[in-house]
Student: 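Structure incoming, see below.
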Amino acid sequence: IALGRALSRKPFNSLHYVLAIRPSEIGPLEIRMAWRSKQRPFRPPPRLKPIIAARSPIMQTTVKQIHGRAQLREFLELPRHLYRGMAGYVAPLYAERRELIDPKKSPFFSHGQAAYWIAYRDGRAAGRISAQIDDVTGPNTPANLGLFGCLDAIDDSDVVTKLLHTAEDWLRERGRR
């Protein structure tokens, strides 16, 4: 754990001292003094801004249902593009996600059905959503229940609204609420 506290009282000193405490094989803690030059001071990682879509009247949002492997790949890789560079985001394993939504490999599809959509803003993928119907229900599950998931989108209410309405319409067509 680096405490990052400069021991010098002068703000423009040529050397900055950092106290570093690490677990050691010899004893419980190892304490070291380290220095960094003025040219490369200790800095926390930068905070990144979320992806925000600029609003303009010519931007059109279209939502397309997934048909085929190329669109399925785009659906699975979209969160990686949306959250690239965001602190704390760890992308899930691609193979695990592919098996989860593949009707031939996932056990969910033996008793349920699902559909997947991608929203495009001026030809670029801007969001995704899925809708599911699970025919196996428990005693406390309401009748005709529909589900949605895999909701990832840019910071734009128009994209999110269109994705949610698309999933809702698909579920209503199949008698779900």
Side-chain angles (χ1 to χ4, degrees), residues 1-2 4 23 42-177:
I1 303 169
F42 177 80
R43 292 186 188 132
R47 290 189 174 191
L48 299 175
K49 297 178 182 177
I51 299 171
I52 299 174
R55 296 203 178 255
S56 89
I58 58 169
M59 288 189 161
Q60 293 183 355
T61 303
T62 58
V63 179
K64 296 180 182 177
Q65 189 169 2
I66 289 181
H67 298 289
R69 287 186 174 187
Q71 288 179 330
L72 179 65
R73 183 174 195 79
E74 185 178 15
F75 181 86
L76 292 171
E77 291 180 355
L78 182 60
R80 290 177 193 262
H81 299 295
L82 290 177
Y83 305 127
R84 182 183 337 196
M86 292 186 99
Y89 175 71
V90 178
L93 296 174
Y94 179 82
E96 185 264 336
R97 292 293 164 171
R98 188 182 64 227
E99 287 180 8
L100 189 67
I101 67 172
D102 187 359
K104 296 176 183 174
K105 297 180 181 179
S106 177
F108 169 78
F109 291 97
S110 65
H111 56 82
Q113 53 184 321
Y116 309 100
W117 296 272
I118 298 177
Y120 294 94
R121 165 73 61 143
D122 285 342
R124 295 181 61 197
R128 71 177 192 164
I129 195 167
S130 66
Q132 301 89 19
I133 297 173
D134 193 355
D135 295 326
V136 176
T137 58
N140 297 331
T141 306
N144 298 327
L145 183 66
L147 309 165
F148 75 90
C150 296
L151 179 59
D152 295 293
I154 61 173
D155 190 12
D156 186 358
S157 61
D158 183 45
V159 172
V160 174
T161 302
K162 286 188 178 187
L163 285 168
L164 289 170
H165 285 305
T166 302
E168 183 181 10
D169 292 343
W170 185 83
L171 291 168
R172 283 204 177 138
E173 287 173 4
R174 285 151 182 78
R176 303 297 171 147
R177 55 183 175 104

Student: More than 12 foreign heavy atoms under 6.0 Å from CZ of Phe108: is that the case here?
Tutor: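 More than 12 within 6.0 Å, yes.
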
Student: Check Phe109 against Pro103 and note the closest heavy-atom contact, atom names and distance.
Tutor: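 Here Phe109 and Pro103 meet closest at CD1-CA, 3.4 Å.
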
Student: Tell me the closest heavy-atom pair linking Ile66 and Gly68, and the distance in Å.
Tutor: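 So the minimum-distance heavy-atom pair works out to CG2-O, 4.1 Å.
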
Student: How far apart are the closest heavy atoms of Ser157 and Thr161, and which atoms are they?
Tutor: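 The pair with the smallest heavy-atom distance is O-OG1, 2.7 Å.
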
Student: Please examine the side chains of Leu72 and Ile101, heavy atoms only from C-beta on, and report whether any two atoms are closer than 4.5 Å.
Tutor: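 Heavy-atom side-chain distance check passes, below 4.5 Å.
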
Student: For Gln65 versus Gln71, what's the shortest heavy-atom pair and its separation?
Tutor: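 So the minimum-distance heavy-atom pair works out to O-OE1, 3.5 Å.
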
Student: Checking side chain to side chain contact (heavy atoms under 4.5 Å, CB included) between Leu163 and each of Ile129, Ile118, Asp158, Asp152, which is the one that passes?
Tutor: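 Exactly one pass, corresponding to Ile129.
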
Student: Nearest 0.5 Å, please: how far is CD1 in Ile133 from CG in Asp135?
Tutor: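 If we round to the nearest 0.5 Å, Asp135:CG and Ile133:CD1 are 7.5 Å apart.
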
Student: Under 3.5 Å, is there a donor-acceptor pair between the side chain of Ser130 and the main chain of Gly149?
Tutor: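 Pair found, side chain donor or acceptor close to backbone of Gly149.
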
Student: Quick test of your reading: applying ring pair (Phe, Tyr, Trp, His ring centres under 6.0 Å), list the pairs with at least one residue in residues 60-80, sequence neighbours left out, ordered by first then second residue.
Tutor: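 Residue pairs passing ring pair (Phe, Tyr, Trp, His ring centres under 6.0 Å), neighbours aside: Phe75-Tyr116.
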
Student: Looking at every non-hydrogen atom in both residues, tell me the closest pair between Ala119 and Thr61 and how far apart they are.
Tutor: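 Nearest pair, atom of Ala119 first, then Thr61: CB-CG2, 4.4 Å.
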
Student: Is it true that atom CZ of Arg176 has more than 12 heavy atoms of other residues, nucleotides or ligands lying nearer than 6.0 Å?
Tutor: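 It does: Arg176 CZ has more than 12 such atoms within range.
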
Student: Are Arg121 and Asp155 close enough for a salt bridge, meaning some N to O gap below 4.0 Å?
Tutor: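 Looking at Arg121 and Asp155, the cut-off is not met.
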
Student: Assign the ring pair Tyr83 / Tyr89 to parallel, tilted or perpendicular, where the plane angle (0 to 90°) is split at 30° and 60°.
Tutor: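 Taking Tyr89 first and then Tyr83, their aromatic rings sit tilted (interplane angle of 30° to 60°).
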
Student: Are any of the side-chain heavy atoms of Glu77 and Tyr94 separated by less than 4.5 Å?
Tutor: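 Result yes, sub-4.5 Å side-chain heavy-atom pair found.
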
Student: For a quick test of reading the model, state the closest non-hydrogen atom pair linking Val160 to Ala153 and the distance between them.
Tutor: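 That would be CG2-CB, 3.8 Å.
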
Student: Do Lys162 side-chain atoms and Val63 backbone N/O form a donor-acceptor pair below 3.5 Å?
Tutor: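 Side chain of Lys162 to backbone of Val63, a donor-acceptor pair under 3.5 Å: no, none is there.
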
Student: Salt bridge (charged side-chain N to carboxylate O under 4.0 Å, His left out) with Arg80: which residues, sequence neighbours excluded?
Tutor: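 By the salt bridge (charged side-chain N to carboxylate O under 4.0 Å, His left out) rule, Arg80 matches no residue at all.
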
